[in-house]
Amino acid sequence: MKDLPKIYNSKSFEDKIYLKWEESGFFNPDNLPERNKKSFTISLPPPNVTGQLHLGHAAMLAYQDTMTRYHRLIGDKTLWLPGMDHAAIATQSVVEKKLNKKKKTRHDLGREKFLKEVNNFAEDSKKTIRNQIKKMGSSLDWSREHFTLDEDLSIAVKTVFKKMYDDGLIYKGDRVVNWCPTCQSTLADDEVEYVEKKAPFYYFKYGPVIIGTARPETKFSDKVIIVHPKDKRYKDIIGKEFNVEWIEGKIKAKVIADIIADMEIGTGAMTITPAHSMVDFELAQKYDLKVEKIIDKDGKLTSAAGSMAGLDVEKARKKVVEILDKKGLVHEIDNNYTHNLSICYRCSTPIEPLPSKQWFVDVNKKVPGRNKSLKQLASEVVESGEIKMIPNRFNKTYFQWMDNLRDWCISRQIWYGHRIPVWYKEPIEITYFVHGTTPDNEKSIATGLNDVSLSELGIKQSKELKKTLKDKKFDVIITSDLKRATESANYAFGKDYITDKRLREINYGDMTGKSSKEVYDLKKETINEPYPNGESHKNVEKRMRDLIDDISKKYKGKKIAIIAHQATQQALDVILKGKTWKQAFDEDWRNTKAWQPGWKYKIETDDETYVGLETPKGKDWIQDEDTLDTWFSSSLWTFSTLGWPEKTNDLKTFHPTQVMETGYDILFFWVARMIIMSTYVLEEIPFHNVYLHGLIRDKEGKKMSKSLGNGIDPLEMIDKYGADALRLSMIVGSTPGNDLRLYEEKIQGYRNFINKLWNISRYILTTVKKVEQIKKEDLEPQTMADYWILNQLNNIIDNTTDNLENFKFSQAGEELYEFTWNKLANWYIEIAKIEGNKDKILLYILEKLLILWHPMCPFISEVIWEQFNSKELLIISNWPNKLKLKEKEVKEFDLIQEIISAIRNARAEHKANTKKTYSCSISTKNQKLIEDNKEIIEKLGKVKITPKSPGIKLNVNNVDIILDINESPEVKKNKEKSIINLERYIGIQENKLKNKSFSKNAPPDVILKEEEKLKQAKVELEKLTS
RNA sequence: GGGUGUAUAGCUCAGUUGGUUAGAGCGCCACGUUGACAUCGUGGAGGUCAGAGGUUCAAAUCCUCUUACACCCACCA
């Protein structure tokens, strides 16, 4: 006799049991007893290290653990591999938010310190999550745990990047990104929020058409009109060029026909602004148009905006409209237009779409040697059925997405993540000095090519320059070959300089020697046209470009000093800083009265890049500042965690994995990318099956979230009801791909079941003479009920196996639940109390039942299992097999149950006294059957069987029952109702069977079945009416 | 605009390839229960399977359309 508490207290067992499992080492497949050669692997979708476990995680853990435990029980070499994801953007922004509270930004800390901070946070978060995962009972092999930012995964990431780069599948290109001028950072699409805002919508006259826009300030360099090729209104102007009066005077505009133009919207004609709209950018690439930035990173207008350069967006908009209005080009202003404004999720600043350099994975280019693109490779494996999606309908979604897939932008302007393994030669730094003062300068005469020496003042200035430059070192010093430059260089830097003719001052031609004022007045006119018999500023720009080209080839990563003249310095402003000549004149250093600021210029040397695993040798290399998209590293998850690129045993044994179980919401983000990467890198699929679960919602069907306050905390639920109950509440009643509503009462319900299971076990274990494991040879079933229940056990073994093999977890749970509570507890145990002497069968069933339940309810099953004092743990016991039984006895017992139910039913309906035992007669062809089960019927039906009894007549399956109770008037009504129903049904059946096309077309077994149904109904009707 | 799903009892959901007089759990109602379990037992009521058409001998199930809701993608000059 055992002594067990009445109520199962999950809290007092779960942690201990988990520890026992962990200590056994059986979560690690290397320690499992060898039974099958077959392996079974699931890679845990790594939770983000941003914080806490939520119900979605809990559900995913429940499904995966169910599969894992089942496969361990059937003897597979089973691995469930845990890990976590660094979730770059999400994690970084959590830490940044914390910093913001202290009024700091990441830039205040610097890259290194900030990363330290993030890493600390991630480590803490990992610990929390790990514990939470364990609370769910997850049988994960912790010895193989990985983090997407681990050193070995980093090697995998870099190796793949290099492979793709070498295969020409990764390239650097321009793309319009979401830029927040306040945060000074790009935003991912999901970081952009939308607000509806009323803003004026303008219609302008633009040459032959009228265009609409909400953003006039971006329209400076629009030179292309797009209309729909089928638009009759514009048929005549397609392909033509027009001189259009526009913001800064006349420009030439070309008309192009493209179906992208929507005839319905506005006037059906539009101009395009390549640099500030994603769509326009693509159009620009299609038609090879110039991409000119109008707005800079600070949200101000660039030099391309001419006179409005430097203004911020809002002001510029007003001004542009003003100008156009003055020119009579405003057609209409719609002040009631609601604009869908995109803003930054952090600071709510309107987002500026800006072009910038990003890294891309080319999904359409053929992979060398395979003659197929990444896209094609990834589509094929699903098309062929090599990868199976559950539910199947996601195939469609997958193909649709794949077909429309564009190149994958993999670079992110954040710090936390895998740094892009690309190195550039350091940029060339130019510090520019103008030569010291000459006598000409003092007289304010234009010197030009006249080769004059420095004045006293000039010499002094140069010597002073030397002092201020004491600490600075330059690799190369280049000067103009005119004396005033070389002399300055000599004083300031010594003799080690190179001269270059291209650095000479502009040739003023006939204006040489004239007063500076006269020359100044001519300046703007000499941008494109030369001074009389002299040179144009464009020409200076040309020779300077030439020089810069040479420098950038020769002096990569060097620091260079240039000593030359005024016009050449302005040319550098134009070439390297993107100024217009006009701006360069306006911002002349002479106007500021500053002497020798030492202008700084940078020449980027992108063309020389190195891609590899480590920093290349040599001093001048610097690594790309950007990091990789999180999904780049997680797309390698199934194999990078198994040791790839090494050809490890693990990789051979456990890859491809069997199942990828995850939410349908990340089918694209993650699942699709894993397929792309695995088929490309390993030339094999990452997994055979994709099981997609739905989202967990609250009772009203709303998404659970902290802000709504409708979230259920899984830990709290485990604390209150136990992990097993929580698991069941998410397994039963959920189907793949469909959302699941969860609420506390539901979990409570399954807690009740767990307690029921506990009490079934308690009853069996405390009433049997000896608790032991029973071999099937020793079973000795005797009565009909014994055969029946063992047969039911056979069925449930079959069905559970089938259900789990086919991912029908809900079904498995439901059927087992029914077997346990109804068949076993409510019928068989009650019968066992009557018939007695069933120790062996009860113990046998209990043992098998625990194994069957174990995948879904690991804790309680293991706790009860301990009572058997078995040498081995339940987690590695053997999945049960069916028994061989005599079929004959089994079916007849159903009839006994029906008789009992009919009696119970009649008692309840007629409101008979439940305490009283009534007399009852039962007559059937097989009277022996009744005799054999007399006691069961009497006790469970609370009747006394006599040969002849008065009372009401009942009938089940040709068995006549007369029960000695008084008929209640309500039942008469029910009876009438039943008669009407039956008559109607009989009518339907008869018509069906008479119908010739039915007998012609329906399969014979169906016809037989229908005939049988009709017969039954007729018999029943007869009993009711007699 | 393109796509995908969902709609079945008061609630939450099952319902394989068409062959049901349409199921479960919870809730509700009635009756009961001093020993495995009140976290229990027995029984019951409750449904035009969203609507309309069609295919078929036969439709909750297949097709078309409509309605409502949810989600994904694209776009918003």
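What you see below is based on every heavy atom in this structure, not just the backbone, and it leaves out hydrogens, waters and symmetry mates. Here is how names work: the chains are called A, B, and so on, in the same order as the sequence lines, proteins then strands, and each is numbered from 1.
Of the side-chain N and O atoms in A:K746, none sit less than 4.0 angstrom from OP1 or OP2 of B:G25. Using a 4.0 Å cut-off, some side-chain N or O of A:N905 falls inside it from OP1 or OP2 of B:G44. Not one side-chain nitrogen or oxygen of A:N1001 sits closer than 4.0 Å to the OP1 or OP2 atom of B:U56. Distances shorter than 4.0 Å separate some side-chain N or O of A:K756 from OP1 or OP2 on B:G41. Residue A:W821 places at least one side-chain N or O closer than 4.0 Å to OP1 or OP2 of B:G41. Contact check, A:R741 against B:U12: a side-chain N or O comes under 4.0 Å of OP1 or OP2. Under 4.0 angstrom from either OP1 or OP2 of B:A36 there lies no side-chain N or O belonging to A:N759. The phosphate of B:U4 has OP1 or OP2 within less than 4.0 Å of a side-chain N or O from A:K396.
Evaluation of atom-type donor-acceptor distances gives no pair under 3.5 Å for the side chain of A:E909 against the base of B:A45.
Contacts between residues 728-736 of chain A and RNA chain B, defined by a heavy-atom separation below 4.0 Å, involve A:G733, A:T735, listed by number.
Counting non-hydrogen atoms under 4.0 angstrom, A:K219 reaches nothing in the nucleic acid.
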message: For RNA chain B, please output the secondary structure as dot-bracket, reading 5' to 3'. Pairs are Watson-Crick or G-U wobble, both atom distances under 3.5 Å; mark crossing pairs with [ ], other-strand partners with |, unpaired with a dot.
response: (((((((..((((.....[...)))).(((((.......))))).....(((((..]....))))))))))))....

